[in-house]
Amino acid sequence: MARAATTSDAFNAIAEPQRREILVRLRRGERAVGELANELGMTQPQASKHLRVLREVGLVQVRGAGKQRLYDLDASGLLPVQEWLGGFEQFWSESFDRLDAYVRDLNQTRQEHPHE
């Protein structure tokens, strides 16, 4: 089965590292495209292109403020990603439980046999 186009799938949109960094910066609040471009060391057209993709998949919202376009995070668009990752929660919990049991056993063995 072919993957969805980048502009229609949150998974593909966040696969790009610069887009993930934009989302991280938008967690701190609304930003103008020029401000994001400066912070990320890219041109304004590059930042606009990334923001367009993020907007099309529902990860950011935009509003006009005079001549500026201000972007804000819409984390609800990450819900499919969170739900998918949630399927691995049991795996990680069990792995950490096994690691915790191993460390407890190791510590107990060291206490019982301190000079070995």
Side-chain angles (χ1 to χ4, degrees):
M1 181 177 190
R3 291 183 73 176
T6 299
T7 57
S8 65
D9 182 281
F11 290 91
N12 288 333
I14 65 171
E16 210 294 320
Q18 290 181 310
R19 290 189 199 121
R20 289 193 308 270
E21 186 59 32
I22 288 171
L23 294 176
V24 167
R25 291 175 188 268
L26 291 176
R27 283 191 315 206
R28 299 179 203 136
E30 192 175 63
R31 293 286 200 2
V33 64
E35 184 180 356
L36 286 167
N38 286 336
E39 290 177 12
L40 297 170
M42 64 177 68
T43 66
Q44 190 164 337
Q46 288 171 321
S48 293
K49 182 178 177 182
H50 288 304
L51 287 162
R52 186 190 82 242
V53 170
L54 293 170
R55 188 183 74 245
E56 288 176 357
V57 299
L59 296 175
V60 299
Q61 297 175 346
V62 62
R63 72 177 180 89
K67 293 182 180 182
Q68 289 188 321
R69 293 179 59 108
L70 300 175
Y71 290 84
D72 201 10
L73 178 65
D74 185 354
S76 66
L78 289 170
L79 188 57
V81 177
Q82 180 186 13
E83 289 172 348
W84 182 80
L85 286 172
F88 295 94
E89 185 176 353
Q90 182 177 356
F91 168 80
W92 286 109
S93 294
E94 290 171 359
S95 295
F96 287 129
D97 289 346
R98 285 192 304 272
L99 178 61
D100 186 50
Y102 172 77
V103 171
R104 280 196 313 267
D105 290 347
L106 184 61
N107 286 334
Q108 184 176 351
T109 301
R110 286 181 177 168
Q111 289 174 358
E112 293 171 356
H113 308 284
H115 299 295
E116 288 185 19

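Val24 and Leu79 end up in different hydrophobic clusters when Ile, Leu, Val, Met, Phe, Trp and Tyr side chains are linked at under 4.5 Å. Val62 and Val33 fall within a single hydrophobic cluster, where Ile, Leu, Val, Met, Phe, Trp and Tyr are joined by side-chain heavy atoms under 4.5 Å apart, directly or via other members.
Arg55 has its side chain out of reach of Leu51: every pair of non-hydrogen atoms, C-beta onward, lies at least 4.5 Å apart. Residues Arg63 and Tyr71 have side chains not in contact (no heavy-atom distance under 4.5 Å, counting atoms from C-beta outward). Looking only at side-chain heavy atoms (C-beta outward), Val60 and Leu23 come within less than 4.5 Å of each other.
Between Gly77 and Ala10, the shortest heavy-atom distance links the atoms O-CB, 3.8 Å. Smallest separation of non-hydrogen atoms from Gln68 and Ala32: NE2-CB, 3.7 Å.
Here the CD1-CG distance, from Ile22 to Leu73, works out to 11.5 Å after rounding to the nearest 0.5 Å. Rounding to the nearest 0.5 Å places CZ of Arg104 at 12.5 Å from OG1 of Thr109. For the atom pair Leu99 CG and Tyr102 OH, the distance stands at 9.0 Å (nearest 0.5 Å). Distance CE/Met42 to CG/Leu36: 8.5 Å, rounded to 0.5 Å. Distance check, rounded to the nearest 0.5 Å: CD of Gln111 to CG of Leu106 gives 10.5 Å. Here Ser76 contributes atom OG and Gln82 contributes atom CD; the two are 11.0 Å apart, rounded to the nearest 0.5 Å.
At distances below 3.5 Å, at least one donor-acceptor pair connects side-chain atoms of Glu16 with backbone N or O atoms of Gln18. A donor-acceptor pair is defined here as one N or O able to donate and one able to accept, closer than 3.5 Å; such a pair exists between the side chain of Arg20 and the backbone of Ile14. A donor-acceptor pair is defined here as one N or O able to donate and one able to accept, closer than 3.5 Å; such a pair exists between the side chain of Arg31 and the backbone of Arg25.
Other residues, nucleotides and ligands contribute at most 12 non-hydrogen atoms within 6.0 Å of the CD atom of Glu89. Under a cut-off of 6.0 angstrom, the local environment of CZ in Arg28 is crowded, with over 12 non-hydrogen atoms contributed by other residues, nucleotides or ligands.
Using modelled atom types and a 3.5 Å distance limit, the side chains of Gln61 and Asp72 yield no donor-acceptor pair. With hydrogens and angles left out, the side-chain atoms of Thr43 and Gln46 include a donor and acceptor closer than 3.5 Å.
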